[in-house]
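Note sheet for the following structure.
Side chains included, hydrogens not; waters and symmetry mates left out as well; all remaining heavy atoms used. Below, chains carry the letters A, B, ... as their sequence lines are ordered, and counting in each starts from 1.
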Amino acid sequence: MKKFSFTRNARLRCRKIFDFVFSEGEKSSTRDLVMWACVPGLNKAGAKAPGLIANGGRRLGLVISKKTGGAVQRNRLKRLLREAYRLSKYDLLDGAHIIVYPKAGCAINNLLEARKALSAIWARAKIKNAER
RNA sequence: CCGGCAAGACGUUGUGAACGCCUUGCCGGAUGGUGGGGGAGGGGAGGAACUUCCGAACUCCAUACGGCAAGGCGCCGGUCCAAAGUCCCCCCAUUGUUUCCUUGGGGAAAAAAUGGGAGGGACCAUAGGCCGGGGGUUCAGGGCCACAUCCCUGAGCCACGGAAAGUGCAACAGAAAGUAUACCGCCGGGGGCCGUAAGGCCUCAGGUAAGGGUGAAAAGGUGCGGUAAGAGCGCACCGUCCCCCCCCAAUUUUUCCGCACGAAAAAGAGGGGGGGGAGCAUUGCAAACCCCGCCCGGAGCAAGGCCAAACAUGCGUUAAGGACUGCCCGUCCCUCGCCCGAAAGGGUGGAAGCGCAGAGUGGGCCGCACAAGAUAAAUGAUCCUCCAGGCGUCGCAAGGCGCUGGACAGAAUUCGGGGUACAGUCCGUGAUC
RNA sequence: GGGCAAGUGGCGGAACUGGUAGACGCGCAGGUCUCAAAAACCUGUGAUCUCACGGUCGUGAGGGUUCGAUUCCCUCCUUGCCCA
């Protein structure tokens with residue numbers, strides 16, 4: 001398997017998992033982002049995880065509000081966050097399922113700022129991979 | 001040089017490097033089948049993909065034909081029209097049939113069905129774009145010293161059938177706002193008072209639409225006659241409306257001809273002239289109701305079709321039922337599992353399984369793409385390079401070097417038109433030399 | 001993706017078929033009452049120019065029809081709703 005891949009299985013894809021992470025995940029936020037995280041074996045949310053989550057691998061879900069702007073602005077923000085996640089996903093604990101939601105008026109304009117913002121919110125939620 | 005006003009084209013470039021994503025068929029391996037994964041390839045946003053203002057295809061709704069209602073459109077002619085689609089023709093392939101030829105194989109022809117074809121033709125514009133013509137209206141200038149009407153020239157605007165079919169509305173102001181009207185004024189007459197008289201003042205019932213003032217709008221204009229005063233009341237000219245004839249008219253249609261040129265005939269928004277008639281009856285608004293002519297069934301790909309999953313509930317079945325009660329709860333009996341017990345009995349727990357139907361819920365496949373195409377929804381990021389632009393610097397200059405830097409905006413069934421947004425470039429337009 | 005609806009002072013919300021825009025309520029400002037406040041009551045309150053009288057502009061934006069548009073028509077902008 002390639003090192004920096006981001007295939008379809010690495011995303012949250014169905015409504016059940018989205019609902020589960022929203023209701024059971026640990027919510028944390030910084031100035032730009034809001035994140036719901038669900039890591040099996042770490043917090044109590046992970047313990048109740050159904051099979052879909054328990055079978056391993058990190059997964060990302062993105063929610064981009066219409067308040068961000070038109071379709072061009074929304075797509076750009078989504079692609080930046082996805083690219084940042086792709087390049088630095090091994091900083092994340094294995095099995096983590098996260099949903100990232102940029103706040104309205106979020107000040108991410110390029111790839112560097114996106115990576116910094118992701119790193120900051122992972123550190124705050126204490127789901128960073130300590131071995132790296 | 002100016003300008004983004006009118007018409008059009010492009011919308012930073014490159015089969016560039018390495019990372020990543022979506023999709024497609026291929027390869028090899030594996031398999032009962034399916035899915036996932038692997039390899040090397042192909043393809044991967046726009047002129048507006050935006051908007052949803054029009055229209056078409058397509059699908060379903062009782063095939064929806066006719067009428068009514070509702071809704072829409074509205075000077076005349078030309079032109080632009082669709083890789084969508086429907087119909088027709090043509091070509092190719094396949095299939096079976098018939099007929100003919102021939103030595104059993106086969107060949108030829110015919111009509112048919114199915115599929116394909118960047119083939120040809122027809123259809124398709126209802127506030128569409130453009131071009132030309134006509135009309136209306138507003139403003140400016142002129143005819144004209146002034147006013148009104150009219151005419152001419154120029155510019156702007158106009159969704160531009162009908163206001164003499166009917167209904168409705170026209171605030172405020174004003175006497176009166178649509179069968180006109182009598183406030184002031186004007187006119188004669190009756191009565192009263194004053195005055196020598198001429199006449200004046202008050203008053204009553206009338207006449208009048210010439211003058212005043214109001215208003216967005218006041219009911220044809222000018223002149224002469226006429227009258228108590230006036231009035232299209234009468235007449236002349238002008239304006240308006242109706243009918244007939246002639247001429248002009250962008251262009252269109254038909255016929256003649258083998259075709260073209262040409263000729264003839266007809267139509268033609270309207271315009272002009274002549275004749276006759278009407279005394280004016282006819283203010284504006286139909287993006288008010290409406291009338292006339294034409295168009296139009298409705299909803300939309302979240303249309304619509306198919307597939308399996310799971311649950312409330314109902315029915316059937318099995319030992320899983322019955323009684324009390326209007327119903328629920330509850331109680332009792334029966335039945336089943338488990339525990340205690342030698343047994344009788346006691347305690348405790350359960351209301352299930354299977355099949356069918358199934359509101360609602362959340363999925364998948366088709367619809368859906370003749371090389372973009374998904375369903376948490378792909379087209380990104382880094383570097384190099386190209387093209388303009390800006391800044392700095394070197395240079396007399398051409399130019400070199402470094403830094404910076406790129407508008408509006410993102411497909412979800414397809415196609416056409418309109419509208420709106422937009423960095424910069426090309427082309428062309430305009431003015432000047 | 002497709003189909004609809006609505007925009008009026010700081011806020012909610014009127015203005016009936018075109019005819020004086022801002023009724024009414026909340027809020028805000030000033031006053032009365034009170035030692036002070038609250039409540040209550042009274043007055044004012046769209047913008048701008050003006051000492052005042054008064055003028056001009058104002059119904060999301062821009063056009064059109066009309067003597068006259070919040071109202072009728074067209075094009076944009078914003079917001080909201082519905083459809084498996």
Side-chain angles (χ1 to χ4, degrees):
Chain A
M1 194 155 159
K2 292 184 184 173
K3 196 174 177 186
F4 295 113
S5 67
F6 185 70
T7 59
R8 188 163 285 206
N9 281 337
R11 307 171 201 158
L12 295 187
R13 291 193 64 214
C14 62
R15 186 178 197 85
K16 275 182 188 167
I17 301 184
F18 262 88
D19 287 344
F20 178 81
V21 175
F22 270 128
S23 59
E24 303 295 333
E26 298 275 321
K27 183 178 171 184
S28 51
S29 64
T30 60
R31 189 171 55 83
D32 288 328
L33 302 176
V34 181
M35 181 179 73
W36 289 261
C38 187
V39 184
L42 182 71
N43 49 30
K44 62 177 187 279
K48 290 192 283 182
L52 279 166
I53 288 186
N55 60 13
R58 308 166 180 84
R59 290 208 179 101
L60 172 71
L62 284 168
V63 179
I64 314 288
S65 164
K66 228 174 199 175
K67 289 172 190 166
T68 311
V72 174
Q73 281 80 43
R74 292 204 304 274
N75 269 333
R76 173 156 179 81
L77 190 56
K78 181 178 67 185
R79 287 163 180 162
L80 280 173
L81 285 170
R82 180 188 291 161
E83 186 76 2
Y85 173 84
R86 182 175 77 83
L87 294 173
S88 55
K89 65 176 178 178
Y90 290 103
D91 291 346
L92 198 60
L93 287 174
D94 191 43
H97 286 61
I98 61 172
I99 293 176
V100 174
Y101 170 69
K103 291 181 181 173
C106 157
I108 293 177
N109 291 315
N110 54 43
L111 184 60
L112 198 67
E113 289 176 16
R115 295 187 71 168
K116 278 183 184 168
L118 269 189
S119 177
I121 198 163
W122 289 349
R124 177 167 295 205
K126 300 189 176 71
I127 56 171
K128 262 194 141 171
N129 194 342
E131 296 160 15
R132 288 175 57 94

(request) Tell me the partner of G174(B), counting only Watson-Crick (N1-N3 plus N6-O4 or O6-N4) or G-U wobble (N1-O2 and O6-N3) with both under 3.5 Å; none if nothing fits. (result) none
(request) Would you classify G322(B) as syn or anti? Syn applies when the glycosidic angle is within 90° of 0. (result) anti
(message) Measuring only the P atom in each nucleotide, how far is C336(B) from G321(B)? A whole number of Å is fine.
(response) 14 Å
(message) For the C1' atoms, the ones on A288(B) and on A163(B), what distance do you get once it is rounded to whole angstrom?
(response) 13 Å
(request) Enter the distance from Lys103(A):NZ to Asp32(A):CG here, rounded to the nearest 0.5 Å. (result) 8.0 Å
(message) Between G42(B) and U15(B), how many Å separate the two C1' atoms, rounded to a whole number?
(response) 12 Å
(message) Just the rounded figure in Å: distance from P of A378(B) to CG of Leu60(A).
(response) 13 Å
(request) Report the residues that fulfil side-chain hydrogen bond (donor to acceptor under 3.5 Å, both in side chains) with Lys78(A), sequence neighbours left out, ordered by chain and then residue number. (result) Asn75(A)
(request) For C184(B) and A148(B), measure between their C1' atoms and round to the nearest Å. (result) 26 Å
(request) May I ask which nucleotide in the shown strands pairs with G284(B), Watson-Crick or G-U wobble, both distances under 3.5 Å? (result) C169(B)
(message) Does G20(B) count as syn, meaning its glycosidic angle lies within 90° of 0, or as anti?
(response) anti
(request) Would you indicate whether the side-chain heavy atoms of Ile98(A) and Trp122(A) approach each other to under 4.5 Å? (result) yes
(message) Counting only Watson-Crick pairs (N1-N3 plus N6-O4 or O6-N4) and G-U wobbles (N1-O2, O6-N3), all under 3.5 Å, who is the partner of G27(C)?
(response) U45(C)
(message) Taking the C1' atom in each of G239(B) and U149(B), what is the distance between them to the nearest angstrom?
(response) 8 Å
(request) Look through every strand shown and name the nucleotide pairing with C33(C) as Watson-Crick or G-U wobble, where both distances are under 3.5 Å. (result) none
(request) Rounded to whole angstrom, note down the P distance from C285(B) over to C280(B). (result) 24 Å
(request) Quick one: look up who A323(B) pairs with, Watson-Crick or G-U, both distances under 3.5 Å, and put none if it's unpaired. (result) U331(B)
(message) What I'd like to find out is whether the side chain of Arg79(A) reaches to under 4.5 Å of the side chain of Arg76(A), using heavy atoms alone.
(response) no
(message) Tell me which nucleotide, if any, is Watson-Crick or G-U wobble paired with A5(C) when both distances must be under 3.5 Å.
(response) U79(C)
(message) I'd like to check the ring-ring contact (aromatic ring centres under 6.0 Å, His included) partners of Tyr101(A); sequence neighbours left out, ordered by chain and number.
(response) none
(request) Taking syn as within 90° of 0 and anti otherwise, name the glycosidic form of A281(B). (result) syn
(message) Going by side-chain contact (heavy atoms from CB on, under 4.5 Å), name the residues that satisfy it together with Ser119(A), two or more places apart in sequence or in a different chain.
(response) Lys128(A)
(message) Taking the P atom in each of G13(C) and C289(B), what is the distance between them to the nearest angstrom?
(response) 31 Å
(message) Strictly by Watson-Crick or wobble contacts shorter than 3.5 Å, is anything paired with G230(B), and which nucleotide is it?
(response) none
Output a table of nitrogen or oxygen pairs between the protein and nucleotides 379-385 of chain B separated by less than 3.5 Å.
{"from": "U379(B)", "atom 1": "OP2", "to": "Arg79(A)", "atom 2": "NE", "distance (Å)": "2.9"}
{"from": "U379(B)", "atom 1": "OP2", "to": "Arg79(A)", "atom 2": "NH2", "distance (Å)": "3.2"}
{"from": "G380(B)", "atom 1": "N2", "to": "Glu83(A)", "atom 2": "OE2", "distance (Å)": "3.3"}
{"from": "A381(B)", "atom 1": "OP1", "to": "Arg76(A)", "atom 2": "NH1", "distance (Å)": "2.4"}

(message) Rounded at 0.5 Å granularity, tell me how far OG1 in Thr30(A) sits from CZ in Arg124(A).
(response) 6.5 Å
(message) Taking pairing as Watson-Crick or G-U wobble with both contacts under 3.5 Å, can you name the mate of C301(B), or confirm there isn't one?
(response) none
(request) Show the numbers, then the answer: is there a side-chain contact (heavy atoms from CB on, under 4.5 Å) between Leu87(A) and Leu111(A)? (result) CA-CA 10 Å; Leu87(A) 294 173; Leu111(A) 184 60; 4.1 Å; yes
(request) Would you classify G406(B) as syn or anti? Syn applies when the glycosidic angle is within 90° of 0. (result) anti
(request) Tell me, please, which residues at least two apart from Arg74(A) pass side-chain contact (heavy atoms from CB on, under 4.5 Å). (result) Ile64(A), Lys66(A), Thr68(A), Ala71(A)
(message) Rounded to whole Å, how long is the line connecting atom CD of Gln73(A) with atom P of C50(B)?
(response) 15 Å
(request) Quick one: classify the glycosidic conformation of U15(B) as syn or anti, with syn meaning within 90° of 0. (result) syn
(request) Take Leu62(A) and Ala71(A), find for each the nucleotide of RNA chain B with the closest heavy atom, and name the residue whose nucleotide sits nearer the 5' end. (result) Leu62(A)
(message) Using atom P in both nucleotides, what's the gap between C235(B) and C204(B) to the nearest angstrom?
(response) 41 Å
